Structures are given as C-alpha cells and as structure tokens.
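So the structure is just underneath, and the comments pick up after that.
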Amino acid sequence: MRAEEEAYDPLLRDLNEAQRAAVLATEGPVMIIAGAGSGKTRVITYRIAWLLKKGVPPWQIIALTFTNKAAREMQERIARLTAPEQAKALWMGTFHSLFARILRAECDAIGYPRNFTIYDTEDTKSLLRTILKEVHLDDSKYRPNLVAHHISMAKNSLITADEYANDPDIQAENFTRGLPMLGKIYQLYQRRLEKSAAMDFDDLLLKTYFLFQERPEILYKYQSQFRYVMVDEYQDTNTVQYSIIRQIAAMHENICVVGDDAQSIYSFRGAVIENIFNFQKDYENPQIFKLEQNYRSTANIVEAANKLIARNKFQIEKSVWTHNEEGEKIRVIQALSDADEGRIVAQSIFETRMQTRAANADFAVLYRTNNQSRAIEEALRRLNIPYRIFGGLSFYQRKEVKDLLAYFRLAVNPRDEEALTRVINLPARGIGTTTLERLSLLASENDVPMWEIVSRARQFTSELGSAPVARLEEFAVKIQHFSVLAEKLSALEAARRIAMESGLMRLYYSDRSPEGLMRYQNLEELINAVKDFVESRQRESPDNLPSLSAFLAEVALLTDADEKDKDQADRVSLMTVHSAKGLEFPYVYVVGMEENLFPSQMSLTDNRELEEERRLFYVAITRAMRRLTLTFARTRFRWGNLVHCEPSRFLFELDPQRVEFPGQRSFEALQPRSAIAGLRRKSTLSPQAVQNLPTYQFTPDKPQDFSAGMHILHNRFGKGLIHSIEGSGIDAIALIDFEEHGQKRILLKFAKMKILSSADS
DNA sequence: ATGTAGAGGGTTTTT
DNA sequence: CCCTCTACAT
C-alpha cells in the first residue's frame, strides 16, 4: 500500500498524527511513550488491526499484556476492527497465560507432564509452611509471606534455586538479614514443586526463559513464528519478562513496546523501570513515538499532574497537553477522621448525582490500601449508594471453591500435593494429622510424590496401620475414578460428578447457616463457571469437547479483576490506585492523602520508592476526567487505635493555581504553621529546574556531602551503603558495600552518586 | 475430631 | 481492628 493510500484508509482516520505514525511504523524496533489518557489502547489495537489488514497472519503476532482484562478488551476491539476469527487467532494474552501455553506444548523439553498444575500464592504459602515445619524453622522469623517474596524476587531476576543457594553474595546478604536458610528453603521449595508437577506464577516465566536458553531449536521455532512482537505496559516488565521478549524478538526485531515511565508502579514485585529507559540501547535504531495529547481530562487535571510528576528525577522527557477545557479546580478537603472522610465522600457523591444527573458508575473512590475501603463502604451504605469493590478475595480464592478445585486438580494431576493435602480429609474420612505426617515422611524417604504412597498405601501398612490404609485406599480409588471421569467426560460432566461424588456438595449443603448456604451457592457457581467455559469453547470449535484439565489451565490464571461483570448494575467503584490503572471515571475521589499512608511509610526512606509513590499518585490523578477530589483525615484508626495524621506531602506539591479548598479559606488555614514550613522545606526543587533536566538524567550529589553510614545510589553500581571514608577533601575515597556488586573503593571526586538516606535517619 | 478461646501478627500494591 | 493459627478441651 502506498503512503497516500494509507492516509485514506478508514482505519487510520480516527487517529491523530502521532498515533497514526505509531500505527504505521510496523517494521523494526518501536517504542511508544503513551502519556496518561493519550489513546494508548487505541494505538495498540489499531496497530494490530493494521498489520492484519496488510495481510500478516494473526498467529505471527504476539501481544503481551499484564492483565487478562486488558487482553480481552483489546481482542474485542480488534475483532470489531477486523474479523473475529482473526482476533481469536492472535497470540494475545498475559505473559503468564501465553507462556503457560508454550510450556504445555513443550512440556517434554522441560520434564513436566502436560497437565502440570499452576500454584497460586495461597498454594505457595501453604507449601512453604509445610517445608518450614519439616525443617523446623520458626515461621514467625521465616514468615511465609516474606520467604515467598524473596523467592519470587529471585525468580524474577532469573536466579534459580541452586544459583541462589550457592551464590556467596546472596548467602552473605541473607545471613545479615537474619535469614541464612533462605537459599535452602528455595531449593526445597523448588524440588517440592517439581515433585508435585506444579509451577508457581514465576516459574511460568522462568521456565520459559530457560527453555529458550537451553533449547535453541525450540526458541528458533517461536522466533520464526512471531514476526511481530508487541508489549503493553513495558515500564512494568521485570527481568524475566524483559529477557524473554529479547529472546523472542531477536530474529525479526519487529518489536513494539508501549508504556509510560510515569506510570511505573510495580517495582515491589520486580518490575524494572530501567527496561523502558534502556530500550534505545537494547535495540538498534529504534523509532520513538510520543503520544502526548490527553483526551481524557480537563486542563486543570492534566497540568496539575504534569507539575507533580516533574518532581521525579528519573523520567523520559515528554509534555502531555490537552485541548480540553480548563474545567474545575482540584478540590482538597480535610476530614476530621476516617469515618468523617467517608461521610464527606458519600455526601459529595450524593449531591453531585443530584446536581448533574451523573450515574453511580461515573464515580470512583481510590485508596492506597485495601483496608481503607471499610470506612467508605459504611458511609455509602448509610446513604444507600450502591457500590462495588474491586480487589479483595477473588471468587477462586474462597475456601470452598478451592476445595472443589482441589478435587479437580487431583483428578487431572494426582501428584499435586497441595491439592492432595487439602482434601484428603475433606469431607472428614478419618485421615488425621498423624497419618498425614507419616505420609509426608514416607514420601520424602522414598523420594516420590505423596500420591505414590497414598495410591500404594497397602505396601506401607506397617508404617501407617491397617485402619488408615483402608481409608487411604478408598480415597485413592475415588481419585482414580475421578481421573477417568476427567479424561472421558466433558469438563462440565466431570465437574458435576466430582462435585457430587467427592461429598463436598453434601458437606456444604448440610451446613444450614447463612455462611454454609453461601458456600453451597459458590460451589454451584463454580459449576456454572465450568458450564460457561465449555459453552464459550464450543462456540469457537464445536467439534471437540473441552476437558476439565483445559478448564483448570485457564482458571489458574484468572484473578478477581477478570471475573465477568455479569452484574452490570450502576454502582460506584471502590478500588486501590493500583487496580485503577488503565481506567477512567468522570468523578474521582482519592482518599487518605496523608503522610505514612500515601506516600506509604515504607517508601519514605528510599528516594526511588518515594518517586514510585509519586507516580502512583500521578496514576490516581489522571484517572479523573471532569472532577478530582482529594481528601485527607486528621485522625484515623490504625491497628485499632486512633492515630493523628498529617496531610500528604503530595498535596503540597500540587500547583496551588489549580487547587481549591471548598469550605476552607486556604491550605494554610488547615494546620499549624510549623507543619506547613516542614512540608514546604521537603519540596525545594523548583519545577522549572526539574523540567530543564535532560532525559533520564542522574544528578549526583557533591563529594563533600557523603559520610559513612549513608545509603547511596551509584549511577553504575546501584544501591549501596558507605562503610567508611578514607582521606578528605578532593582525594577522599569511600569504601562502599553495594547490594549487587559487593564492596568497592570509590574516589569521591569522580563518583556519580546520590544520597538516598543519611546515617541518622 | 471438632470447636472455641486466646494470642499474635499484619496493612502496600498482584499476575 | 480483624484475621489466622494454635492449643486445649470436649
């Protein structure tokens, strides 16, 4: 197609100039920096539609997203732009789901069965608890949550269990952390997963990486297939994701990454914001497009957000602007307590609805932490305002649902030890803790999955006793029967029969309490989910019946955000700022704008983390289309006691021209002078100075500013702690312990380092 | 084997 | 505060 024809293609008419350029640049490395509200999703979907229109077969395009929801929405939009069959044949989905698909196809190469189980975080923690108990480690010191986090971070950084356990630096670090056994636990955990034919979320990525690394012919196959690679939210990729993308894209280099460094908010789970900064170095001659026109928000909101984010030192230069009207000023409201804050928000929603005829669904209340929802909920209920909470316990995490799923899992993969221990005595069949302990011991002595012992219990009669053996045999026969059902029947039939014959339906039915009833209904709901799954699969290919194992494969990667909103009722949305990313609402309330909450107190000591909090606030602000309201409370219940709160420093970082204080004369009137002075002092950088800084720059502090005990950030070696300083003046040399690079001697006059926190803080 | 009381611990964010 | 785990009693 010629350039002039392209300009007339109806597909391109809906795009502005920058968007169109980004869509048309299909070949070679491309980075699209998409400011908030600049039509990012539109560009991705149109770009893919354009490729399809040019005749690229859909299966040659892989498009990676972070949530199933994003993938689904884009796929739907592409289906509308092109044809549904085409959209369906795209490799479009989350990193986890697409790589799980590849791993199942290539399972032989990694020594896993096709039906491997995916452990969710619950399973992971439960397995860790078991291991900790077995090696007699104190789980209040080795908190499963903490251990899981360290293992996850290691996996996200491509460090295997053996590497982790054998690396002297890591060992030393864990020793000083007071967790010397971490490496050992990681190894045990990994062996246990493999014995269970299970993978955790991170394994789906890590094992894909090593598969490609160790089997070039398999990598070659996928490299050849995926001629076009697209990655959404590139600023949130971690090291494994980044590395796999490089592997896949290496052949054709038709890679397009889309993101916004200003919205990078997931470093806590291993995201490396540098990935987006480094794109220009990683790929040759990349084309860079910046989508800077905001279509979403009023000028007041856009400008306030710009000015706020300009305070961050690490960023890619861009200027988001809008043609939209000036709009209302941002409202900052003080509340006396968290309950009062809820009341104010609810009242305001009520009034706004009356004045503007806005729908409930036009409102969102955003908060930093999930537990803040409570006060808001109560207030909304009092005014009879319907609401919906996003996040929290997902359907698939509820106990009874996990119980039945465990039976499904066992039917498909009896080696799944978490599933086995979960239901081996549910409903109660006289297999108590003693028997379970013996089973576990036998399994590790014989180095086989626990299921081996259960299914051959008779051979261990002397260890287990004859009564338990009889019960175990009965249980084993039942599971084997379920396996046959799962193999022979459709997912729905198998699910129904397993639900009945496992005894779970009866168990929960017999509980006549309201909670019991709820649980029973949830089981039915799960069966319905299987039904939906079967029906939607059959719509795609009517000839073959989807199996239970196919259902499990899909369900393992669903989260609460993906639950179908069958309930389209008109409700106010309540959610964390994190889960609001990518969404927009006409009226947004950001509550809890207080020090130690937003920014979170965990972030205060580390400048990088504080910048991430600021980006998070940027995300919050830019969700709003028409009106943005920020509230903070002077007191709040925390851990059950009332604490005094200070307004967030972020409030003081907003452009005063764009803010108003309904019912207050000014910000100053809200508090004692000293508090203001203190907050003001913390934000000394003038916005102009910040804006004039070059792209992704690094401003080092001066040599004389450093002293022993400081935490610093070095431009090459990363984070470190100054051990001591020898000499003085221009020849001073610092001995620094770097987190990643060990101890180094650095001449201060040449060092490019920043102070993260000083010794006394 | 099941239930209850009491202690202890956790609050950042999630595929 | 609220949830979960444990210990102990039944």
Side-chain angles (χ1 to χ4, degrees), chain A residues 64-71 93-100 118-122 124-126 129 132-133 138-141 143-146 148-149 152 155-156 199-206 232-233 236-238 240-241 263-271 338-339 366-375 378 390-394 396-397 399 425-436 511 555-562 575-581 592 596-604 609-610 612-613 615-617 619-620 636-643:
Chain A
L64 298 151
T65 64
F66 274 80
T67 63
N68 294 300
K69 198 173 148 209
T94 62
F95 283 85
H96 292 84
S97 68
L98 293 186
F99 295 158
I118 298 170
Y119 276 9
D120 66 12
T121 35
E122 285 288 300
T124 291
K125 276 189 271 173
S126 153
R129 265 191 288 270
L132 291 169
K133 213 171 278 171
D138 178 6
D139 71 350
S140 63
K141 199 167 106 193
R143 282 170 25 225
N145 256 329
L146 186 72
H149 177 251
S152 175
K155 287 185 172 179
N156 285 334
M199 296 192 199
D200 63 19
F201 286 138
D202 301 313
D203 282 339
L204 295 174
L205 309 178
L206 195 65
D232 190 16
E233 309 281 14
D236 286 330
T237 50
N238 61 33
V240 207
Q241 290 164 329
Q263 296 185 62
S264 162
I265 55 175
Y266 281 112
S267 76
F268 68 93
R269 65 173 204 213
D338 45 357
L366 310 183
Y367 32 77
R368 180 67 239 269
T369 63
N370 275 309
N371 60 2
Q372 291 170 256
S373 69
R374 185 172 303 271
E378 277 172 22
F390 293 77
L393 253 236
S394 104
Y396 290 103
Q397 286 172 13
K399 188 182 153 306
N425 199 33
L426 190 86
R429 51 174 68 85
I431 301 174
T433 40
T434 338
T435 306
L436 206 56
D511 181 351
V555 122
L557 295 169
L558 288 185
T559 54
D560 48 300
D562 303 312
M575 66 185 91
T576 63
V577 181
H578 280 89
S579 35
K581 187 157 121 174
N596 299 324
L597 184 57
F598 200 177
S600 140
Q601 58 187 350
M602 321 292 295
S603 69
L604 298 184
E609 288 180 34
L610 185 61
E612 177 147 315
E613 293 284 313
R615 292 194 292 267
L616 192 56
F617 185 42
V619 168
R636 180 177 294 278
F637 274 100
R638 264 191 157 184
W639 301 301
N641 37 27
L642 197 66
V643 293

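As the structure is a computational prediction, the values presented were derived from the model and not from experiment. Every chain is numbered from 1 and lettered A, B, ... according to where its sequence line falls, protein lines coming before strand lines.
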Quiz item: Is there a side chain to side chain contact (heavy atoms under 4.5 Å, CB included) between A/Phe598 and A/Val577 once you walk through the steps?
Solution: CA-CA 10 Å; A/Phe598 200 177; A/Val577 181; 4.0 Å; yes
Self-check item: Worked verdict on A/Lys125 versus A/Asn145 for side chain to side chain contact (heavy atoms under 4.5 Å, CB included)
Solution: CA-CA 7 Å; A/Lys125 276 189 271 173; A/Asn145 256 329; 3.3 Å; yes
Self-check item: Verdict with reasoning, A/Phe390 to A/Thr576, per side chain to side chain contact (heavy atoms under 4.5 Å, CB included)
Solution: CA-CA 8 Å; A/Phe390 293 77; A/Thr576 63; over 6 Å; no
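When the nucleotides B/dT14, B/dT13, B/dT15 are ranked by their closest atom to the side chain of A/Ser579, B/dT14 comes out on top. Closest to the A/His578 side chain, of the nucleotides B/dT15, B/dT2, B/dT13, is B/dT13. The side chain of A/His96 lies closest to B/dT15, out of B/dT15, B/dT13, B/dT14. Comparing C/dC2, B/dT14, B/dT2 by their nearest atom to the side chain of A/Tyr266 picks out B/dT14. Across B/dT2, B/dT15, C/dT6, the shortest atom-to-atom separation from the side chain of A/Thr121 is found for B/dT15. Side-chain proximity of A/Arg269 to the nucleotides B/dT15, B/dT13, B/dT2 is greatest for B/dT15. Set against C/dC2, B/dT14, C/dT6, the side chain of A/Lys133 has C/dT6 as its closest nucleotide.
With hydrogens and angles left out, the side-chain atoms of A/Ser600 and A/Ser603 include no donor and acceptor closer than 3.5 Å.
Backbone-only engagement by A/Arg143 is indicated by non-hydrogen atom pairs under 4.0 Å involving sugar-phosphate atoms exclusively. At the heavy-atom level, A/Phe66 lies under 4.0 Å from the strands shown only through sugar-phosphate atoms. Using a 4.0 Å heavy-atom criterion, one finds that A/Phe95 contacts no nucleic acid atom at all.
Counting to the nearest Å, the C1' atom of C/dC2 and the CD atom of A/Gln372 are 16 Å from each other. As a whole-Å value, the separation of A/Arg615 CZ from B/dT13 P is 18 Å. In this structure, A/Phe268 places its CZ atom 6 Å from P of B/dT14, rounding to the nearest Å. Taking atom CD of residue A/Glu233 and atom P of nucleotide B/dT13, one finds them 19 Å apart after rounding to whole Å. We find that CG of A/Asn238 is positioned 15 Å from C1' of B/dT13, with the value rounded to whole Å. Counting to the nearest Å, the P atom of C/dT4 and the CZ atom of A/Arg129 are 10 Å from each other. In this structure, A/Tyr119 places its OH atom 24 Å from P of B/dT14, rounding to the nearest Å. Computed from coordinates, the A/Lys399 NZ to C/dC5 P distance equals 12 Å when rounded to whole Å.
Residue order along DNA chain B, read from the 5' end via each residue's closest nucleotide, puts A/Thr433 first among A/Thr433 and A/Asn145. Each of A/Arg638 and A/Thr576 was assigned the nucleotide of DNA chain B with the nearest heavy atom; the assignment lying further toward the 5' end belongs to A/Arg638.
Evaluation of the salt bridge (Lys or Arg N to Asp or Glu O under 4.0 Å) rule for A/Glu613 yields A/Arg368 as partners, not counting sequence neighbours.
Taking the six-membered ring for Trp and the full ring otherwise, the centers of A/Phe268 and A/His149 sit at least 6.0 Å from each other.
Of the side-chain N and O atoms in A/Asn68, none sit less than 4.0 angstrom from OP1 or OP2 of B/dT15.
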